[in-house]
Amino acid sequence: MQPDGHEARPSSLPRTRRMAPFALLFVLVAVSATALAVPVRGKVELAAPAASEDEATHEFYWRVWNGVVDPRPARAEPPRELSVILVGGAAAEPVGCNHSLRGGDFMPETMAVRPGTALRIENRDGCSHELHAEDIPDFLPLATSPGNTRDINVPEGGPYHISDRLYAHVRGVVHAVEDLAACAAVGDDGSFVFEGVPAGTYTLQVLRGEEVAHQAEVSVSEGEPLTIDPIAVGAAN
């Protein structure tokens with residue numbers, strides 16, 4: 001009872017308005033956490049392979065899955081040949097490491113995964129593939145139909161080689177990378193971007209086939225996007 005004898009009434013303020021300060025606090029915390037992750041950008045200048053006359057005659061034309069057209073001149077193709085990754089940090093799992101079969105081949109041909117975890121390859125082609133790897137236990141040539149995925153548990157070691165029993169030109173390399181944090185999206189011109197990288201010190205690696213073509217330490221500061229100087233990578237051996 002209040003002093004004037006009237007019974008105290010509960011607040012008529014709507015529940016949503018009473019909770020508004022807490023909701024605002026939650027939003028501010030979420031925005032602050034997101035703001036810590038910044039883009040990391042750069043570009044790989046990839047030298048074109050030098051194709052011999054013999055290679056030009058017998059090389060597969062992987063862009064057309066039925067293989068009925070003449071081979072095109074050799075040229076550098078960063079999105080298909082390269083994997084640009086960050087190693088280190090405290091990410092629970094790697095970000096942006098997506099692998100697929102597209103255009104009659106791996107995209108990209110060079111792949112990265114944390115050892116002991118599953119490498120997932122999505123078949124975006126209009127035909128089935130039978131992937132296998134002699135150097136990965138239990139990786140048998142099972143058919144993966146269009147729209148389905150193949151999950152492969154990759155052990156420590158490597159790099160490992162994956163091929164396709166149906167299409168001999170389909171060949172990829174998998175690197176098992178401890179503390180793999182993120183994989184970049186690579187453009188046709190060699191430009192790459194990691195969309196959101198928490199502050200910290202990382203090792204940036206450019207993987208091409210079996211090789212670590214480039215490696216350097218990079219420091220990411222809170223709220224400060226990072227642009228890396230152009231990286232020159234020579235022709236494949």
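A quick note: this is a predicted structure, and the numbers were derived from the prediction, not measured. Numbering of residues begins at 1 and proceeds along the displayed sequence.
Val170 and Val173 fall into different hydrophobic clusters, where Ile, Leu, Val, Met, Phe, Trp and Tyr side chains are chained together by heavy-atom contacts under 4.5 Å. The same ILVMFWY cluster, assembled from side-chain heavy atoms under 4.5 Å apart, contains both Ile228 and Val206. The hydrophobic cluster containing Val95 does not contain Val40, counting ILVMFWY residues as joined when their side-chain heavy atoms lie under 4.5 angstrom apart, directly or transitively. Residues Ile152 and Leu166 share a hydrophobic cluster, clusters being chains of Ile/Leu/Val/Met/Phe/Trp/Tyr side chains in contact below 4.5 Å. Residues Met111 and Phe139 are members of one and the same hydrophobic cluster, defined by side-chain heavy-atom contacts under 4.5 angstrom among Ile, Leu, Val, Met, Phe, Trp and Tyr.
Counting heavy atoms from C-beta outward, Val197 and Leu86 have side chains that approach closer than 4.5 Å. Inter-residue side-chain proximity for Val218 and Thr201 is flagged as unmet; no heavy-atom pair is nearer than 4.5 Å. Between Cys183 and Pro94 there is no side-chain heavy-atom pair separated by less than 4.5 Å. Side-chain contact between Val84 and Phe194: present, with at least one pair of heavy atoms (C-beta onward) separated by less than 4.5 Å. Within the 4.5 Å cutoff, the side chain of Ile162 has heavy atoms near those of the Leu131 side chain. Two residues are said to be in side-chain contact when any heavy atoms from C-beta on lie closer than 4.5 Å; Val113 and Thr117 meet this criterion. In this structure the side chain of Thr149 never reaches within 4.5 angstrom of the side chain of Ile121, judged on heavy atoms. Counting only heavy atoms from C-beta outward, the side chains of Ile231 and Glu45 never approach each other to under 4.5 Å.
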Open item on the list: With side chain to side chain contact (heavy atoms under 4.5 Å, CB included) as the criterion, how do Glu210 and His161 come out once you've worked through the C-alpha distance, each side chain's angles and the decisive distance to 0.1 Å?
Closed with: CA-CA 9 Å; Glu210 296 183 350; His161 298 82; 2.5 Å; yes
- [ ] Give the C-alpha distance, both sets of side-chain angles, the deciding distance and a yes or no for side chain to side chain contact (heavy atoms under 4.5 Å, CB included) between Val38 and Leu226.
- [x] CA-CA 8 Å; Val38 298; Leu226 176 63; 5.6 Å; no
Task: Derivation of the salt bridge (Lys or Arg N to Asp or Glu O under 4.0 Å) call for Arg208 and Glu81 - done: CA-CA 6 Å; Arg208 189 186 194 191; Glu81 296 180 48; 2.6 Å; yes
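Judged purely by atom type and a 3.5 angstrom limit, Asn123 uses its side chain to pair as donor or acceptor with the backbone of Cys127. Side-chain atoms of Thr110 come within 3.5 Å of backbone N or O of Gly209 as a donor-acceptor pair. Of the possible polar contacts, none joining the Asp125 side chain to the Pro146 backbone as a donor-acceptor pair under 3.5 Å is found. Distance alone, capped at 3.5 Å, places no donor-acceptor pair between the Asp135 side chain and the Tyr160 backbone.
Atom CZ in Arg114 sits 9.0 Å away from atom SG in Cys97 (nearest 0.5 Å). With values rounded to the nearest 0.5 angstrom, Asp164 atom CG is found 9.0 Å from Asp105 atom CG. The distance from the OG1 atom of Thr144 to the CG atom of Leu101 is 8.0 Å, given to the nearest 0.5 Å.
Applying the salt bridge (Lys or Arg N to Asp or Glu O under 4.0 Å) rule to Arg120 yields the partners Asp151; only residues at least two apart in sequence or on another chain are considered.
Residue pairs that meet the ring pair (Phe, Tyr, Trp, His ring centres under 6.0 Å) test with at least one member in residues 80-129, sequence neighbours left out, are His129-Tyr167.
Pairing each heavy atom of Val233 with each of Val44, the nearest pair is CG2-CG1, 3.6 Å.
Checked by atom type, the side-chain pair Gln205/His175 shows no donor-acceptor distance below 3.5 Å. For the residue pair Ser163 / His132, a side-chain donor-acceptor distance below 3.5 Å is found, with atom types taken as modelled.
Other cluster members for Val177: Ile85, Val87, Leu180, Leu207, Val212, joined by side-chain heavy-atom distances under 4.5 Å among Ile, Leu, Val, Met, Phe, Trp and Tyr.
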